[in-house]
Amino acid sequence: MKVHSKNKPLAPDVDISDVAKDTTGFTGADLENLLNEAAILAVRRGKKSITMTEIFDAISKVGIGTEKKSHKYNEKSKRLTAYHEAGHAVSSYYLDECDPVKEISIIPRGMGAGGYTWYTPQEENYPSKNAMLDELVCLLGGRVAEAIVLKDISTGASNDLQRASTICRDMVSKYGMSDELGPVVYSDDNNEVFLGRDYGHVNNYSDVTSARIDAEIEKMMRAAYEKTESILKEHYDKLELIAETLIEKEKISGSDFVSLMEKGFIEESDDVEADTVDTDAISADESAEGAETVECDNDSATDVSVSDE
């Protein structure tokens, strides 16, 4: 970050360590694209230096996609997306092992996301069993919120359910985290290295064991669903508050989310004042390069839960 930002004017509020947490897994080229994009945003907004606001906006653009503010929701879809994302955020707030919320939005973006809940990873190590179980609850927050509030469910949770099912299967068959099946690895994905391996794949366990694995996965998913349902019903007032705020504002920052959860309202904060733009500090060539090379990096370690609606 220091290498790629040395020729760019950064505002006093820019904390390189915070940016590093949000860009875990980014390559040098990704970081260069990110800062070029932040510089372009600063120029467009008439600022003399790059603030954390431009950097965060650039991270979300590179990692999630460009906002499609021209896309128009009908009220039903907007309400559904708001409660879906609020379900993710509120359920994660009451879990010990979940990362803190960085931003919630119901503004459509690239990659087909109708909304997203963005988290900031706190640690980079091997996840524990409790952390993975909490992640299941967080992922199911959107589906459960829809069922509780709207008395219906949508296809918006398809990505969440897919990720949750993968976590459960890995816990049971790859990491030996099932109490029922014990510390045994049943997955041998790395043993077949030839093209078309899935067509000739043969399990190294019996059909009976396969049925037990499936039953354990279903058991984990149901337990996570029940825990999520319990959290959201107990804190229904917070779920409603976050969702209605999203419907009104369309986007909530992490600090505003915490303020709503703890105090019931958004505290006014003193933002860093932007000075008059100094275009000489940012070369035209560098800006043009950034505009051409920015691309969506969906393999970033920054965790985002999205709604497909």
Residues which pass side-chain contact (heavy atoms from CB on, under 4.5 Å) with Leu150, listed by chain and number, not counting sequence neighbours: Arg79, Leu80

Reported OG1-to-CG distance for the pair Thr51 and Asp57, which is rounded to 0.5 angstrom: 8.0 Å

Set of residues satisfying side-chain contact (heavy atoms from CB on, under 4.5 Å) with respect to Ser173, sequence neighbours excluded: Arg169, Tyr186, Ser187

Joint cluster assignment, Tyr83 & Ile153, ILVMFWY side-chain distance < 4.5 Å: no

Sequence-distant partners of Glu248, side-chain contact (heavy atoms from CB on, under 4.5 Å), two or more places apart: none

Within 6.0 angstrom of Glu244 CD, more than 12 heavy atoms from elsewhere: yes

Listed partners of Asp15 passing salt bridge (charged side-chain N to carboxylate O under 4.0 Å, His left out), at least two apart: none

For Lys219, salt bridge (charged side-chain N to carboxylate O under 4.0 Å, His left out) partners two or more places apart: none

Sequence-distant partners of Glu240, side-chain hydrogen bond (donor to acceptor under 3.5 Å, both in side chains), two or more places apart: none

Test: Lys227 and Asp134 ion pair at under 4.0 Å: yes

Set of side-chain contact (heavy atoms from CB on, under 4.5 Å) partners for Ser5, sequence neighbours left out: Leu10, Ile16, Leu35

Spacing of CE belonging to Met221 relative to OG1 belonging to Thr228, to within rounding of 0.5 Å: 9.5 Å

Phe56: ring pair (Phe, Tyr, Trp, His ring centres under 6.0 Å) partners, not counting sequence neighbours: none

All salt bridge (charged side-chain N to carboxylate O under 4.0 Å, His left out) counterparts of Glu97, not counting sequence neighbours: none

Pairs where residues 211-250 contributes a residue and the test ring-ring contact (aromatic ring centres under 6.0 Å, His included) is met, not counting sequence neighbours: Tyr94-His235

From CA spacing to verdict: side chain to side chain donor-acceptor pair (under 3.5 Å), Thr209, Ser206: CA-CA 5 Å; Thr209 300; Ser206 67; 3.2 Å; yes

Selection residues 240-265 - residue pairs positive for ring-ring contact (aromatic ring centres under 6.0 Å, His included), sequence neighbours left out: Tyr93-Phe257

N/O donor-acceptor pair under 3.5 Å between Asp30 side chain and Thr27 backbone: yes

Salt bridge present between Glu146 and Lys151 (N-O < 4.0 angstrom): no

Salt bridge (charged side-chain N to carboxylate O under 4.0 Å, His left out) partners of Lys129, counting only residues at least two apart: Asp179

